[in-house]
Each structure stands twice: as structure tokens, then as C-alpha cells.
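Everything numeric in this text was worked out from a predicted model, so none of it was measured.
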Amino acid sequence: MILNNKMVILMKEGKRQARLSGNNVLVSSVSEIEKMDLPAFFSYDEHKYKGNRFLWSEPGRTLTFVGLGSVLTLTASNATTRYEEINDAWTAIATEAIIDHNISGYVGPILFGGFSFDPNIAQTEKWGDFAHTSFAVPQFMVTEYEGKTWLTMNAWISPDEDEVEQQLLSIDVAKYAYEAVEREVLLSVMKEEIAPSDWMSAVGNAASSIRNGELEKVVLARAITLEANEPFHAEEVVRSLLMDQLDTYVFAIDKQCSCFVGATPERLIKRQGDQFQTLSLAGSIARGATTSEDERLGSFLSQDVKNLHEHELAVHMIKDAMLDLCENVEAPNAPIIRKLKDIQHLATPITGLAKPDVTLLQAVEALHPTPALGGMPRQAALEAIRTLEHMDRGWYAAPIGWLNTELEGEFAAAIRSALLKDRCAYLFAGCGIVGDSDPLSEYHETALKFKPMLTALQASE
């Protein structure tokens with residue numbers, strides 16, 4: 001049982017500071033602990049923490065966060081100013097925070113959450129647990145980074161707090177010391193396609209609009225539904241994704257009655273110090289069954305006019321946005337092939353040094369949605385999505401991620417994802433439509449993009 005005596009001292013200091021300033025103060029204490037079974041920790045005391053949990057893991061598993069509970073939450077009152085509202089609120093909190101560590105930017109209080117894809121779309125019941133903007137600082141957070149593991153404990157101290165020691169947190173982490181776990185497959189799952197002919201008709205209409213010069217590109221997404229005989233368990237879905245989708249960002253955001261989970265390959269923006277790093281990821285093809293077939297498919301992708309055109313549109317828009325945000329923007333002249341387990345993409349990394357006073361959330365707002373997620377021009381593409389897609393994307397393809405108290409952090413685009421609601425899972429996938437897009441080919445491309453989550457949900461059965 002972790003009972004951190006440092007936390008008592010810090011909370012008393014927090015009470016003193018809160019009374020002087022008249023504002024709540026965030027207090028945080030960090031302890032190094034043994035390596036843990038992180039998916040199992042995600043489900044620790046589930047009846048208590050369900051609805052207030054998150055998991056985030058970088059490609060290669062170099063950095064993983066698991067958070068339980070929440071000591072504070074941040075939302076936005078206005079969809080138009082939502083990025084600015086979160087940035088300003090977190091900046092004020094971070095400036096006054098009392099933290100007992102000097103280890104790295106990956107321990108201590110982390111603000112984690114995200115935004116909906118399009119706050120101007122009417123929210124459906126399916127996404128009722130997810131506001132258009134929602135962030136939280138957890139009570140407990142385990143960080144695994146470069147072979148070490150830390151537990152962060154947070155508290156939110158108000159000026160009128162009487163006995164801060166009553167807030168002292170405890171959690172039993174010893175029972176989650178790492179060990180391999182094997183689980184038996186039990187569920188039976190049925191899959192339902194949602195109006196595929198209507199979606200292909202929408203693709204045809206979009207391609208026609210592009211040929212007529214109304215826009216350059218639009219990304220159209222579709223959904224499928226899985227229904228099981230027992231509830232899906234986020235812990236097992238996450239466990240499968242962490243193992244099988246090693247080169248992706250694995251995430252899980254748990255709300256009261258649903259959990260949004262996925263394995264996205266697409267970084268939106270990362271800030272470390274003054275450096276911004278982003279990625280253009282557009283243009284896709286399957287992996288080959290053999291090495292020679294895989295290389296043949298990759299070679300075709302790197303020379304295919306339709307995919308190269310789609311990719312170049314995304315690169316130009318992202319570079320233009322980065323030039324407004326950064327100095328010394330750099331990008332290679334040609335895309336590389338990024339190979340994932342089930343699919344390979346054209347990818348162009350783009351970097352730059354942040355201009356003075358440019359924040360991470362300003363960069364998120366400037367880049368979202370990229371042409372790989374929305375289209376070009378942005379507003380025309382968003383209008384086309386609203387007209388043609390007939391679907392509330394919710395947080396699908398939206399920015400999710402984290403910030404530390406130095407206002408560094410990282411956001412990814414929440415694609416290759418599913419919304420779990422008891423015995424139902426709603427899976428989402430999209431593809432970029434240009435003038436010569438073929439509806440049936442685009443349908444098959446989305447089917448390929450469903451595969452990572454279908455595999456994880458079958459594994460979780």
C-alpha cells in the first residue's frame with residue numbers, strides 16, 4: 001500500500017498557498033515503484049474508478065501513462081474558443097502547482113483528454129458521455145518511461161480546506177507487479193455493416209464534387225457495429241492493442257457508460273521544449289503476405305498517382321500551418337513508407353521551432369483537422385462531411401492527448417478506434433476522396449482500416 005508521507009507535507013503547503021491566493025492549488029507527489037501490469041492497473045478497483053480512467057502509450061511503448069480517478073476536470077463553455085479556454089485554465093493551474101519531483105516531463109501532474117472532431121455537429125446519444133471538450137488530472141497515474149516506473153499522486157486543495165490530511169490518497173500497487181497473463185476467449189460477436197451502399201454513393205458524390213472544382217479532397221468515414229453476448233472489457237482490448245499494434249499510439253478514455261479506445265498511427269503534434277513535431281500520413285495500401293509481395297505493394301504505393309496526390313495535399317496544408325506556428329520548418333522532399341501490422345502508409349515527418357508565445361494547443365487548433373482527417377479546403381471539406389457522412393464522429397479522428405505543467409505534451413488523431421458501450425462496439429474508419437476515387441476501392445480501404453480494432457475486439461472475446 002502506497003501511503004506517501006511527502007504528500008502530507010505538500011498538501012499542508014498547498015493549503016497555506018491556497019489560503020494566501022484564494023485559489024485552489026494542485027499538489028503532486030511522485031514515487032518510483034516496481035514495474036506493473038499496466039492494462040490490469042487500468043481496471044484497478046473498477047467499480048470505484050470506472051468513468052474516470054485513461055491510458056496512453058507511445059509507439060514502441062517508450063512511454064505509457066495510466067490514470068485513475070480525477071482530482072479536477074476542465075471543460076470549455078464555447079466550442080469556438082475551446083482550445084484557448086483549456087490552455088488558459090491549465091496554464092493558471094500549472095503555474096501555481098506544488099510538485100515534489102524533478103525527474104522528467106513525464107511524471108507529476110498530467111492533464112489528459114481531448115476534443116470532438118466537429119463541435120458543430122449535433123451530438124447523438126451514442127456519444128452522450130463525451131463532451132466536445134473534456135480534460136482531467138487523475139488522482140493516481142502510473143508512468144512507465146525508459147524502463148522505469150513511477151506513481152504520481154495528485155490532490156486539488158481549496159482555500160477553505162480544514163483537514164487536508166483527510167484527502168491523503170492510498171492505493172495498492174503491489175498486486176499489479178508485472179507478470180504475463182493468459183486469458184481464455186469466451187465471447188461470441190456479431191458484426192453489422194451500416195448502410196455500405198449509401199456510403200459508397202456518398203463517395204461517388206464527393207468525387208464528382210471534386211472533379212467539378214468544388215473542393216480538392218474530403219475524408220469520408222463510416223462505421224460498423226459489433227454486438228457480443230457479454231460486455232466488452234476495455235482492459236483486454238487495450239492489452240491486445242499494446243502487444244499487436246506496437247508502432248501505434250494506443251489510447252483508452254473511459255467515461256461513465258462507455259470507453260473510447262484505439263491504436264492510431266497518426267501523430268497530430270508533439271511539443272518538447274521549443275520543438276514541434278508533426279506528421280503527414282495519407283495514402284494507404286495493404287501489407288503483403290510475403291516479403292516480396294509486401295515490397296511490391298509498398299513500391300506501388302510510393303508511385304501511385306492517386307495516393308501521391310492525396311499525400312501531397314496533406315503535406316502542403318500541414319507545412320503552411322507549421323510556417324505560421326514555427327521557425328525553421330523542415331520536411332523531406334518525398335514521403336517514406338511507414339509499415340504497420342495490417343497496413344502501410346505514405347508518411348512525411350515535419351518539424352519546426354515554436355515561435356514566441358505559440359502554445360501546444362494553438363498548434364492543435366491550427367492543424368485539426370488535417371487533410372488526412374477532414375480534407376481541403378478545410379471549411380468546404382467539413383461542410384461536405386456534414387452533408388454526406390450522416391454520422392456523428394464524436395471523438396473519432398479528433399485530437400486526444402496530454403499536457404504537462406511545462407505545457408509540453410503530445411496529441412494524436414484518434415483513428416483506428418472504437419467506442420465500447422456494454423455489449424456493443426462501434427468501429428470507425430475513413431479514407432481520403434479525390435477526383436478519381438473509386439467507391440468500391442475506397443470501401444475496401446476502410447475495411448482494411450477496421451482490421452486492427454476488429455482483431456483486438458476478437459482477441460478480447
Starting at OG of Ser258, measure out to CG of Asp422 and round the result to the nearest 0.5 Å. 11.0 Å
Side chains of Ser43 and His233: does their closest heavy-atom pair fall under 4.5 Å? no
Looking at NZ of Lys319 and NE2 of His316, how far apart are the two atoms once the value is rounded to the nearest 0.5 Å? 7.0 Å
Donor on one side chain, acceptor on other, His309 and Asn307, under 3.5 Å: no
Less than 3.5 Å apart, which donor and acceptor atoms pair up between the side chains of residues 330-340 and the rest of the protein, not counting sequence neighbours?
unit_1, atom_1, unit_2, atom_2, d
Arg338, NH1, Pro265, O, 2.6
Arg338, NH2, Asp247, O, 2.9
Lys339, NZ, Asp294, OD2, 3.0
Lys339, NZ, Gln344, OE1, 2.6

My understanding is that only residues two or more places apart in sequence, or in another chain, count here; which of them pass salt bridge (charged side-chain N to carboxylate O under 4.0 Å, His left out) with Arg53? Glu46, Asp254
Look at the rings of His368 and Phe117 and say which category their plane angle falls in: under 30° parallel, 30 to 60° tilted, over 60° perpendicular. perpendicular
With Phe115, which residues qualify under ring-ring contact (aromatic ring centres under 6.0 Å, His included), at least two apart? Tyr83, Phe135
Could you work out, with side chain to side chain donor-acceptor pair (under 3.5 Å) as the rule, every residue matching Ser299, not counting sequence neighbours? Gln303
How would you list, by chain and number, every residue that makes a side chain to side chain contact (heavy atoms under 4.5 Å, CB included) with Asp342, sequence neighbours excluded? Gln245, Lys451, Pro452
Salt bridge flag under 4.0 Å for residues Glu442 and Lys306: yes
Is the centre of the Trp150 ring less than 6.0 Å from the centre of the Tyr145 ring? no
Can you name the salt bridge (charged side-chain N to carboxylate O under 4.0 Å, His left out) partners of Lys126, sequence neighbours left out? none
Taking the side chain as C-beta and beyond, is there a heavy-atom pair between Phe232 and Val189 under 4.5 Å? yes
For Phe251 together with Phe260, are the ring centres under 6.0 Å from each other? yes
Taking the side chain as every heavy atom from C-beta outward, state whether Trp90 and Leu361 have any pair of such atoms under 4.5 Å apart. no
Identify, with sequence neighbours excluded, every residue that meets side chain to side chain contact (heavy atoms under 4.5 Å, CB included) alongside Arg386. Asp118, Asn120, Ile121, Leu382, Glu383
Hits for salt bridge (charged side-chain N to carboxylate O under 4.0 Å, His left out) against Arg61, two or more places apart or cross-chain, chain-then-number order -> none
Look at the rings of Trp56 and Phe112 and say which category their plane angle falls in: under 30° parallel, 30 to 60° tilted, over 60° perpendicular. perpendicular
Restricting to pairs with a member in residues 260-282, which pass salt bridge (charged side-chain N to carboxylate O under 4.0 Å, His left out), not counting sequence neighbours? Glu58-Lys270, Arg267-Glu410, Arg271-Asp274
Sequence neighbours left out, what pairs pass salt bridge (charged side-chain N to carboxylate O under 4.0 Å, His left out) with at least one residue falling in residues 74-95? none
Using the test salt bridge (charged side-chain N to carboxylate O under 4.0 Å, His left out), find all partners of Glu216 that sit at least two apart in sequence or belong to another chain. none
Would you list the pairs meeting salt bridge (charged side-chain N to carboxylate O under 4.0 Å, His left out) in which at least one residue belongs to residues 348-376, sequence neighbours left out? none
